[in-house]
2 protein chains.
Amino acid sequence: MKNLPEVPAERALRVIGGRWKLHVLWHLLEHRRRLSELQRLIPGITQKVLIQQLRELEAHGVVSREVFAEVPPRVEYEATPLGLTLRPLLESLCSWGRQHAQARGAR
Amino acid sequence: MKNLPEVPAERALRVIGGRWKLHVLWHLLEHRRRLSELQRLIPGITQKVLIQQLRELEAHGVVSREVFAEVPPRVEYEATPLGLTLRPLLESLCSWGRQHAQARGAR
DNA sequence: CCGTATCCTATCGGATACTG
DNA sequence: CAGTATCCGATAGGATACGG
């Protein structure tokens, strides 16, 4: 898998910058969740893409994956300690986005 | 030009999420600059792409463009008031990226 | 339930050449 | 100096089908 940029801000963007990563992170920052749960919580995402996004978040150290040897199979994802540090950043993004929408409407 | 997402955090990412936008913004947050100046400050970017990125930043209301009727032509770009509000966000990104690099090395 | 394998499309951004 | 016009390759991600 390709390495992250060295410029810090770009690295941050690369980690959170996928099509659905904010959604995934948001839900995992609340608490650990199963795959099927995430898929239900994020309407419009396909299973394949959801797993892709999770794998990337995992590769970047912000999400971890735990497999339970059960029948039927159960897999849970959760934010790592490093992942948890994203919360204030996501909140800043959110608040800036709101401010922008306020200032510019739908554009 | 396509409208921004309504989910605030995604909207923010869309505005700053181009390949060179962080670089461009960074330089324009210092002070207004000419096109040629930006191109010199951002090695590796082509003129076409630089202009593309600037046009998008303009369309999203964070950068403005001023043309001076001179010979040779002079055009200057600067951060709008809305664009200036990005500074703390960019700093947060930068600091999280550093923290991430610290925790994970080159990965 | 969870995951992989194909296939396919749209979009982005890089290379290059040309114009007022 | 600033900008436009083409062309083009890489890639992200969506649709769908199948497998443990």
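Per chain, numbering begins at 1; letters A, B, ... match sequence-line order. Owing to the predicted nature of the structure, the values given are computational and were not obtained by experimental measurement.
With rounding to whole Å, B:L54 atom CG is found 11 Å from D:dA2 atom P. Rounded to an integer number of Å, the gap from A:H23 NE2 to D:dG13 P is 12 Å. Following rounding to the nearest Å, B:E37 (CD) and D:dG3 (C1') show an atom-to-atom distance of 18 Å. At whole-Å resolution of the value, CD in A:E10 and P in C:dG13 are 12 Å apart. Rounded to whole Å, the distance from CD on A:E70 to P on C:dC2 is 10 Å. One atom, CG of A:L35, and another, P of D:dG20, lie 19 Å apart when rounded to the nearest Å. The distance between atom CZ of B:R19 and atom C1' of C:dG14, rounded to the nearest whole Å, is 10 Å. Whole-Å rounding puts the A:K2 NZ to D:dA10 P distance at 12 Å.
Here A:Q47 lies in heavy-atom contact (under 4.0 Å) with a base. Contact annotation for B:I51: base contact, defined as any heavy-atom pair under 4.0 Å involving a base atom.
By the 6.0 Å contact criterion, CD on B:E30 is enclosed, its count of non-hydrogen atoms from other residues, nucleotides or ligands being greater than 12.
The residue among B:K48 and B:S36 whose nearest nucleotide of DNA chain D is located toward the 5' end is B:S36. When each of A:V67 and B:G17 is assigned the nucleotide of DNA chain C bearing its nearest heavy atom, the one mapping closer to the 5' terminus is A:V67. Along DNA chain D, the nucleotide closest to A:K21 and the one closest to A:P73 are compared, and the more 5′ of them pairs with A:K21.
The phosphate of D:dG14 has OP1 or OP2 within less than 4.0 Å of a side-chain N or O from A:W20. Phosphate contact (OP1/OP2 of C:dG3, side-chain N/O of A:Y77, threshold under 4.0 Å): present. The side chain of A:R55 places an N or O atom within less than 4.0 Å of a non-bridging phosphate oxygen (OP1 or OP2) of C:dG3.
In summary, of the residues considered (A:L50, A:V49, A:I51), a side chain to side chain contact (heavy atoms under 4.5 Å, CB included) with A:Q47 occurs for A:I51 alone. For the side-chain hydrogen bond (donor to acceptor under 3.5 Å, both in side chains) criterion with B:E37, the lone passing option out of B:R33, B:R34, B:Q39, B:R40 is B:R33.
For B:R34, the listed nucleotide lying nearest its side chain is D:dC1; candidates were C:dC1, D:dA12, D:dC1. Candidate nucleotides D:dC1, C:dG14, D:dG3 were compared by shortest atom distance to the side chain of B:V75, and D:dG3 ranks first.
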Legend entry - CA sep, side-chain torsions, deciding dist, call: B:R65, B:E78, salt bridge (Lys or Arg N to Asp or Glu O under 4.0 Å): CA-CA 7 Å; B:R65 174 172 174 272; B:E78 75 175 330; over 6 Å; no

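Minimum interatomic distance between B:H23 and B:I42 (heavy atoms only, all atoms of both residues): CB-CD1, 4.0 Å.
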